[in-house]
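Below is one structure, written out as C-alpha coordinates; the observations come after it.
Every number for a ligand or one of its atoms is a count from 1 in the order of the listing. Bear in mind that the values here come from a model prediction, so they are computed numbers and not experimental data.
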Amino acid sequence: MTQPTLEQIRQAPKVLLHDHLDGGLRTGTIIDLARESGYDKLPSNDPANLAQWFQEASDSGSLERYLETFAHTVGVMQSREALIRCAAECAEDLAADGVVYAEVRYAPELHTSNGLTLDEVVTAVNEGFRLGSEGRGIRVGTLLTAMRHQARSMEIAELAVRYRDVGVVGFDIAGAEAGYPPTRHLDAFEYLQRENAHFTIHAGEGFGLPSIWQAIQWCGADRLGHGVRIIDDIAVAADGEAKLGRLAAYVRDKRIPLEMAPTSNLQTGAAASIAEHPIGLLRRLYFRVTVNTDNRLMSATSVSQEFDKLVQAFGYDWDDLQWFTVNAMKSAFIPFDERLALINGVIKPGFAQLKWRA
Ligand SMILES: O=c1[nH]cnc2c1ncn2[C@H]1C[C@H](O)[C@@H](CO)O1
Ligand SMILES: [Zn+2]
(Lines give C-alpha, C1' and ligand atoms only; values in the text may rest on other atoms or scores of the structure.)
(Ligands and ions follow the chains in the order given, each with its own letter.)
Protein backbone atom coordinates (compact mmCIF):
# COMPACT_ATOMS: atom_id res chain seq x y z
CA MET A 1 0.00 0.00 0.00
CA THR A 2 1.39 3.41 -0.91
CA GLN A 3 1.92 6.18 1.60
CA PRO A 4 -1.06 8.56 1.97
CA THR A 5 -0.47 11.95 0.35
CA LEU A 6 -1.59 15.26 1.88
CA GLU A 7 -4.31 15.52 -0.78
CA GLN A 8 -5.62 12.04 0.09
CA ILE A 9 -5.42 12.74 3.82
CA ARG A 10 -7.66 15.77 3.27
CA GLN A 11 -10.33 13.39 1.88
CA ALA A 12 -10.29 11.19 4.97
CA PRO A 13 -12.96 11.67 7.68
CA LYS A 14 -11.02 13.12 10.62
CA VAL A 15 -11.71 13.82 14.28
CA LEU A 16 -10.26 16.73 16.25
CA LEU A 17 -10.38 16.87 20.05
CA HIS A 18 -7.98 19.69 20.85
CA ASP A 19 -8.35 22.95 18.94
CA HIS A 20 -8.58 26.45 20.47
CA LEU A 21 -11.17 28.80 18.95
CA ASP A 22 -8.94 31.81 19.66
CA GLY A 23 -5.96 29.98 18.13
CA GLY A 24 -7.57 29.34 14.76
CA LEU A 25 -8.76 32.65 13.36
CA ARG A 26 -8.25 33.56 9.71
CA THR A 27 -5.84 36.49 9.50
CA GLY A 28 -8.18 38.35 7.14
CA THR A 29 -10.88 38.09 9.80
CA ILE A 30 -8.55 39.38 12.55
CA ILE A 31 -7.79 42.42 10.39
CA ASP A 32 -11.49 43.03 9.61
CA LEU A 33 -12.53 42.69 13.24
CA ALA A 34 -9.68 44.94 14.43
CA ARG A 35 -10.79 47.65 12.00
CA GLU A 36 -14.46 47.34 13.00
CA SER A 37 -13.76 47.41 16.75
CA GLY A 38 -10.93 49.96 16.79
CA TYR A 39 -8.33 47.46 18.04
CA ASP A 40 -5.06 49.15 17.02
CA LYS A 41 -2.33 46.84 18.33
CA LEU A 42 -2.02 44.35 15.46
CA PRO A 43 1.60 43.82 14.38
CA SER A 44 0.54 43.97 10.68
CA ASN A 45 -2.53 44.76 8.61
CA ASP A 46 -1.56 42.48 5.76
CA PRO A 47 -3.06 38.96 6.03
CA ALA A 48 0.06 37.13 4.80
CA ASN A 49 2.44 39.17 6.98
CA LEU A 50 0.19 38.72 9.97
CA ALA A 51 0.10 34.95 9.42
CA GLN A 52 3.88 34.89 9.32
CA TRP A 53 4.09 37.05 12.44
CA PHE A 54 1.87 34.65 14.41
CA GLN A 55 3.87 31.64 13.36
CA GLU A 56 7.26 33.21 14.11
CA ALA A 57 6.16 34.75 17.41
CA SER A 58 4.90 31.32 18.47
CA ASP A 59 8.20 29.63 17.63
CA SER A 60 9.92 30.77 20.83
CA GLY A 61 10.36 27.40 22.51
CA SER A 62 8.52 28.68 25.59
CA LEU A 63 4.84 28.10 26.40
CA GLU A 64 4.62 31.44 28.21
CA ARG A 65 5.86 33.40 25.17
CA TYR A 66 3.71 31.32 22.84
CA LEU A 67 0.65 32.35 24.86
CA GLU A 68 1.42 36.07 24.48
CA THR A 69 0.30 35.96 20.84
CA PHE A 70 -3.30 35.30 21.93
CA ALA A 71 -3.65 38.92 23.07
CA HIS A 72 -4.32 39.84 19.42
CA THR A 73 -6.95 37.18 18.72
CA VAL A 74 -8.76 37.58 22.03
CA GLY A 75 -8.48 41.35 21.55
CA VAL A 76 -10.78 41.23 18.51
CA MET A 77 -13.21 38.62 19.89
CA GLN A 78 -15.19 40.87 22.23
CA SER A 79 -18.63 41.20 20.62
CA ARG A 80 -21.43 38.77 19.83
CA GLU A 81 -20.99 39.36 16.09
CA ALA A 82 -17.23 38.75 16.25
CA LEU A 83 -17.69 35.51 18.20
CA ILE A 84 -20.36 34.27 15.79
CA ARG A 85 -18.12 34.99 12.82
CA CYS A 86 -15.04 33.33 14.35
CA ALA A 87 -16.96 30.20 15.37
CA ALA A 88 -18.75 29.91 12.01
CA GLU A 89 -15.47 30.26 10.10
CA CYS A 90 -13.82 27.73 12.39
CA ALA A 91 -16.50 25.15 11.53
CA GLU A 92 -16.17 25.98 7.81
CA ASP A 93 -12.37 25.64 7.86
CA LEU A 94 -12.44 22.35 9.75
CA ALA A 95 -15.12 20.94 7.44
CA ALA A 96 -13.06 22.01 4.41
CA ASP A 97 -10.14 20.04 5.87
CA GLY A 98 -12.34 16.91 6.13
CA VAL A 99 -12.99 17.01 9.87
CA VAL A 100 -16.30 15.27 10.65
CA TYR A 101 -16.31 15.71 14.42
CA ALA A 102 -14.56 18.42 16.44
CA GLU A 103 -14.39 19.60 20.03
CA VAL A 104 -13.31 23.24 19.96
CA ARG A 105 -12.34 24.97 23.20
CA TYR A 106 -12.19 28.58 24.34
CA ALA A 107 -12.13 30.50 27.60
CA PRO A 108 -15.39 32.47 28.05
CA GLU A 109 -13.74 34.70 30.69
CA LEU A 110 -11.41 36.12 28.02
CA HIS A 111 -14.28 37.53 25.95
CA THR A 112 -16.01 39.77 28.49
CA SER A 113 -13.82 42.88 28.43
CA ASN A 114 -16.37 44.92 26.41
CA GLY A 115 -19.28 43.92 28.62
CA LEU A 116 -20.51 40.55 27.29
CA THR A 117 -21.63 38.21 30.08
CA LEU A 118 -20.31 34.64 30.24
CA ASP A 119 -23.72 33.38 29.10
CA GLU A 120 -23.75 35.77 26.14
CA VAL A 121 -20.30 34.55 25.11
CA VAL A 122 -21.43 30.92 25.16
CA THR A 123 -24.66 31.53 23.25
CA ALA A 124 -22.81 33.56 20.60
CA VAL A 125 -20.19 30.86 20.06
CA ASN A 126 -22.90 28.19 19.92
CA GLU A 127 -24.76 30.21 17.29
CA GLY A 128 -21.59 30.57 15.21
CA PHE A 129 -20.91 26.86 15.28
CA ARG A 130 -24.51 26.11 14.37
CA LEU A 131 -24.33 28.42 11.35
CA GLY A 132 -20.90 27.23 10.21
CA SER A 133 -21.66 23.51 10.58
CA GLU A 134 -25.03 23.46 8.82
CA GLY A 135 -24.93 21.32 5.70
CA ARG A 136 -21.16 20.79 5.86
CA GLY A 137 -20.99 17.25 7.23
CA ILE A 138 -19.32 18.30 10.45
CA ARG A 139 -20.48 18.19 14.05
CA VAL A 140 -18.86 20.59 16.54
CA GLY A 141 -19.13 20.51 20.33
CA THR A 142 -17.36 23.01 22.57
CA LEU A 143 -15.22 22.71 25.68
CA LEU A 144 -15.26 25.63 28.09
CA THR A 145 -11.77 26.44 29.30
CA ALA A 146 -10.87 28.13 32.57
CA MET A 147 -7.52 29.96 32.71
CA ARG A 148 -5.28 28.26 35.27
CA HIS A 149 -3.70 31.50 36.56
CA GLN A 150 -7.14 32.94 37.32
CA ALA A 151 -9.63 31.90 40.01
CA ARG A 152 -12.80 31.49 37.96
CA SER A 153 -12.72 27.75 37.30
CA MET A 154 -15.75 26.97 39.50
CA GLU A 155 -17.83 29.58 37.69
CA ILE A 156 -16.76 28.22 34.29
CA ALA A 157 -17.40 24.64 35.38
CA GLU A 158 -20.93 25.64 36.40
CA LEU A 159 -21.36 27.32 33.03
CA ALA A 160 -20.23 24.13 31.26
CA VAL A 161 -22.79 22.08 33.18
CA ARG A 162 -25.54 24.62 32.51
CA TYR A 163 -24.93 24.46 28.73
CA ARG A 164 -24.05 20.78 28.46
CA ASP A 165 -27.13 19.85 26.48
CA VAL A 166 -26.79 22.86 24.21
CA GLY A 167 -23.46 22.86 22.44
CA VAL A 168 -21.03 22.41 25.34
CA VAL A 169 -19.62 18.90 25.79
CA GLY A 170 -16.91 19.43 28.40
CA PHE A 171 -14.46 21.54 30.39
CA ASP A 172 -10.71 22.21 30.35
CA ILE A 173 -8.04 24.33 32.00
CA ALA A 174 -5.32 26.07 29.96
CA GLY A 175 -2.63 28.74 30.21
CA ALA A 176 0.86 28.66 31.72
CA GLU A 177 1.40 25.30 33.39
CA ALA A 178 4.56 25.81 35.48
CA GLY A 179 3.54 27.35 38.81
CA TYR A 180 -0.16 26.70 38.22
CA PRO A 181 -0.81 23.04 39.11
CA PRO A 182 -4.21 21.53 38.30
CA THR A 183 -4.99 21.04 42.01
CA ARG A 184 -5.44 24.84 42.28
CA HIS A 185 -8.80 24.10 40.66
CA LEU A 186 -9.69 20.97 42.58
CA ASP A 187 -13.07 22.28 43.72
CA ALA A 188 -14.13 22.77 40.09
CA PHE A 189 -13.04 19.25 39.12
CA GLU A 190 -14.78 17.69 42.13
CA TYR A 191 -17.94 19.59 41.23
CA LEU A 192 -17.78 18.32 37.62
CA GLN A 193 -17.31 14.75 38.80
CA ARG A 194 -20.37 15.03 41.05
CA GLU A 195 -22.29 16.32 38.01
CA ASN A 196 -21.14 13.37 35.85
CA ALA A 197 -19.53 15.90 33.50
CA HIS A 198 -16.49 15.37 31.29
CA PHE A 199 -13.20 17.28 31.40
CA THR A 200 -9.70 17.33 30.05
CA ILE A 201 -6.69 19.11 31.54
CA HIS A 202 -3.68 20.63 29.73
CA ALA A 203 -0.88 18.71 31.45
CA GLY A 204 2.62 17.51 30.66
CA GLU A 205 3.27 20.27 28.12
CA GLY A 206 5.02 23.17 29.90
CA PHE A 207 5.67 21.05 32.99
CA GLY A 208 6.37 17.39 33.64
CA LEU A 209 5.14 14.27 35.41
CA PRO A 210 3.83 15.89 38.63
CA SER A 211 1.37 17.88 36.53
CA ILE A 212 0.14 14.74 34.73
CA TRP A 213 -0.07 12.84 38.01
CA GLN A 214 -2.14 15.57 39.66
CA ALA A 215 -4.41 15.92 36.63
CA ILE A 216 -5.26 12.22 36.72
CA GLN A 217 -4.96 11.12 40.32
CA TRP A 218 -6.13 14.24 42.14
CA CYS A 219 -8.41 15.92 39.65
CA GLY A 220 -9.80 12.90 37.78
CA ALA A 221 -9.20 14.13 34.22
CA ASP A 222 -10.88 12.05 31.50
CA ARG A 223 -8.19 13.06 28.98
CA LEU A 224 -4.84 14.86 28.94
CA GLY A 225 -4.18 17.94 26.84
CA HIS A 226 -0.81 17.05 25.25
CA GLY A 227 0.59 14.77 27.98
CA VAL A 228 3.84 14.56 25.97
CA ARG A 229 6.02 14.48 29.06
CA ILE A 230 4.63 11.08 30.04
CA ILE A 231 7.69 10.00 28.06
CA ASP A 232 9.77 10.94 31.15
CA ASP A 233 8.25 7.87 32.84
CA ILE A 234 9.27 5.46 30.08
CA ALA A 235 12.77 4.03 29.75
CA VAL A 236 13.80 2.54 26.41
CA ALA A 237 16.67 0.03 26.45
CA ALA A 238 19.27 -0.22 23.68
CA ASP A 239 17.36 -3.16 22.13
CA GLY A 240 14.22 -0.97 21.88
CA GLU A 241 12.38 -2.60 24.77
CA ALA A 242 10.36 -0.08 26.77
CA LYS A 243 9.89 -0.14 30.53
CA LEU A 244 6.97 1.85 31.84
CA GLY A 245 6.96 3.56 35.23
CA ARG A 246 3.83 3.37 37.37
CA LEU A 247 2.25 6.57 36.05
CA ALA A 248 2.90 5.75 32.38
CA ALA A 249 1.54 2.23 32.95
CA TYR A 250 -1.57 3.68 34.59
CA VAL A 251 -2.18 6.05 31.67
CA ARG A 252 -1.84 3.19 29.19
CA ASP A 253 -3.78 0.61 31.22
CA LYS A 254 -6.68 2.99 31.79
CA ARG A 255 -6.66 3.99 28.12
CA ILE A 256 -6.41 7.68 29.07
CA PRO A 257 -6.51 9.64 25.81
CA LEU A 258 -3.53 11.86 25.01
CA GLU A 259 -4.46 14.90 22.91
CA MET A 260 -1.15 15.37 21.11
CA ALA A 261 -0.39 18.32 18.83
CA PRO A 262 3.05 17.74 17.29
CA THR A 263 3.71 21.14 15.68
CA SER A 264 2.53 23.07 18.74
CA ASN A 265 4.75 20.91 20.93
CA LEU A 266 7.81 21.87 18.86
CA GLN A 267 6.95 25.56 19.17
CA THR A 268 6.56 25.46 22.95
CA GLY A 269 9.67 23.33 23.40
CA ALA A 270 7.83 20.20 24.58
CA ALA A 271 9.50 18.19 21.78
CA ALA A 272 12.64 18.77 19.71
CA SER A 273 11.47 17.64 16.25
CA ILE A 274 8.62 15.69 14.68
CA ALA A 275 10.90 12.68 14.23
CA GLU A 276 11.81 12.78 17.94
CA HIS A 277 8.27 13.53 19.09
CA PRO A 278 7.11 11.06 21.77
CA ILE A 279 4.08 10.24 19.63
CA GLY A 280 6.22 7.74 17.68
CA LEU A 281 7.05 5.68 20.78
CA LEU A 282 3.63 6.13 22.39
CA ARG A 283 1.86 4.92 19.25
CA ARG A 284 4.19 1.91 19.09
CA LEU A 285 3.34 1.13 22.73
CA TYR A 286 -0.41 1.45 22.04
CA PHE A 287 -1.12 4.39 24.32
CA ARG A 288 -4.44 5.95 23.35
CA VAL A 289 -2.87 8.67 21.23
CA THR A 290 -4.88 11.22 19.23
CA VAL A 291 -3.57 13.81 16.74
CA ASN A 292 -4.60 17.45 17.07
CA THR A 293 -3.91 20.96 15.87
CA ASP A 294 -4.00 22.94 19.16
CA ASN A 295 -3.77 26.33 17.42
CA ARG A 296 -4.09 26.30 13.64
CA LEU A 297 -3.13 29.97 13.30
CA MET A 298 -0.05 29.92 15.54
CA SER A 299 1.17 26.64 14.08
CA ALA A 300 0.02 27.35 10.50
CA THR A 301 -1.47 23.88 10.42
CA SER A 302 -4.55 21.69 9.98
CA VAL A 303 -5.38 18.14 11.08
CA SER A 304 -4.43 16.93 7.59
CA GLN A 305 -1.07 18.68 7.79
CA GLU A 306 -0.35 17.21 11.25
CA PHE A 307 -1.12 13.74 9.85
CA ASP A 308 1.04 14.43 6.81
CA LYS A 309 4.02 15.41 8.99
CA LEU A 310 3.63 12.16 10.93
CA VAL A 311 3.39 10.14 7.72
CA GLN A 312 6.65 11.76 6.55
CA ALA A 313 8.45 11.22 9.86
CA PHE A 314 7.20 7.76 10.86
CA GLY A 315 6.02 6.22 7.58
CA TYR A 316 2.44 5.84 8.82
CA ASP A 317 -0.06 4.20 6.47
CA TRP A 318 -3.86 4.33 6.19
CA ASP A 319 -4.28 1.84 9.03
CA ASP A 320 -2.26 4.09 11.37
CA LEU A 321 -4.28 7.16 10.39
CA GLN A 322 -7.53 5.26 10.91
CA TRP A 323 -6.27 4.02 14.28
CA PHE A 324 -5.57 7.62 15.44
CA THR A 325 -8.98 8.70 14.15
CA VAL A 326 -10.91 5.90 15.83
CA ASN A 327 -8.94 6.57 19.04
CA ALA A 328 -10.07 10.19 18.91
CA MET A 329 -13.71 9.31 18.23
CA LYS A 330 -13.73 6.78 21.09
CA SER A 331 -12.35 9.50 23.38
CA ALA A 332 -14.88 12.20 22.46
CA PHE A 333 -17.15 13.62 25.15
CA ILE A 334 -20.44 12.94 23.31
CA PRO A 335 -22.52 9.88 24.27
CA PHE A 336 -21.24 6.38 23.44
CA ASP A 337 -23.95 5.55 20.92
CA GLU A 338 -23.25 8.73 18.97
CA ARG A 339 -19.51 8.02 18.93
CA LEU A 340 -20.19 4.51 17.68
CA ALA A 341 -22.49 5.80 14.95
CA LEU A 342 -19.72 8.09 13.67
CA ILE A 343 -17.10 5.33 13.82
CA ASN A 344 -19.22 2.75 11.98
CA GLY A 345 -21.23 5.05 9.75
CA VAL A 346 -18.66 7.66 8.72
CA ILE A 347 -15.05 6.94 9.72
CA LYS A 348 -14.69 3.27 8.79
CA PRO A 349 -16.54 3.56 5.45
CA GLY A 350 -14.55 6.72 4.60
CA PHE A 351 -11.20 5.08 5.26
CA ALA A 352 -12.28 1.87 3.50
CA GLN A 353 -12.96 3.86 0.34
CA LEU A 354 -9.57 5.60 0.49
CA LYS A 355 -7.72 2.35 1.14
CA TRP A 356 -9.53 0.70 -1.73
CA ARG A 357 -8.57 3.54 -4.10
CA ALA A 358 -4.95 3.47 -2.91
O1 LIG B 1 -1.09 24.64 24.18
C2 LIG B 1 -1.59 25.38 25.02
N3 LIG B 1 -1.27 25.24 26.34
C4 LIG B 1 -1.82 26.00 27.30
N5 LIG B 1 -2.69 26.98 27.05
C6 LIG B 1 -3.03 27.19 25.76
C7 LIG B 1 -2.51 26.43 24.72
N8 LIG B 1 -3.04 26.88 23.57
C9 LIG B 1 -3.86 27.88 23.89
N10 LIG B 1 -3.84 28.09 25.21
C11 LIG B 1 -4.59 29.09 25.97
C12 LIG B 1 -4.55 30.46 25.29
C13 LIG B 1 -5.98 30.72 24.93
O14 LIG B 1 -6.31 32.09 25.05
C15 LIG B 1 -6.75 29.88 25.92
C16 LIG B 1 -8.17 29.54 25.58
O17 LIG B 1 -8.31 28.99 24.31
O18 LIG B 1 -5.94 28.72 26.04
ZN1 LIG C 1 -4.13 23.58 23.93
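Note on His20: counted as a metal contact of the Zn ion (ligand 2), an N/O/S atom lying under 2.8 Å. When distances to the Zn ion (ligand 2) are checked against a cut-off of 2.8 Å, Asp294 contributes an N, O or S atom below that limit.
The NE2 atom of His18, the Zn ion (ligand 2) and the NE2 atom of His202 define an angle of 90° (nearest 10 degrees).
Looking at Arg65 and Glu68, no side-chain N of the basic residue comes within less than 4.0 Å of a carboxylate O on the acidic one, giving no salt bridge. Taking 4.0 Å as the cut-off between side-chain N and carboxylate O, Lys14 and Glu306 do not count as a salt-bridged pair. At a threshold of 4.0 Å, the pair Lys355-Asp319 counts as salt-bridged, since one of the basic side-chain nitrogens sits closer than that to a carboxylate oxygen.
Nearest heavy atom pair, residue Ala197 against residue Val161, reads CB-CG2, 4.3 Å.
When heavy-atom distances to ligand 1 are checked against 4.0 Å, the residues falling inside are His20, Asp22, Leu63, Leu67, Phe70, Tyr106, Ala107, Leu110, Met147, Ala174, Gly175, His202, Glu205, His226, Asp294, Asn295, ordered by chain and number.
Put simply, the side chain of Met77 does not reach to within 4.5 Å of the side chain of Leu110, judged on heavy atoms.
For the side chain to side chain donor-acceptor pair (under 3.5 Å) condition, the pairs that include at least one residue of residues 335-349, sequence neighbours left out, are Arg139-Glu338.
A donor-acceptor pair shorter than 3.5 Å can be found between the side chains of Tyr39 and His72.
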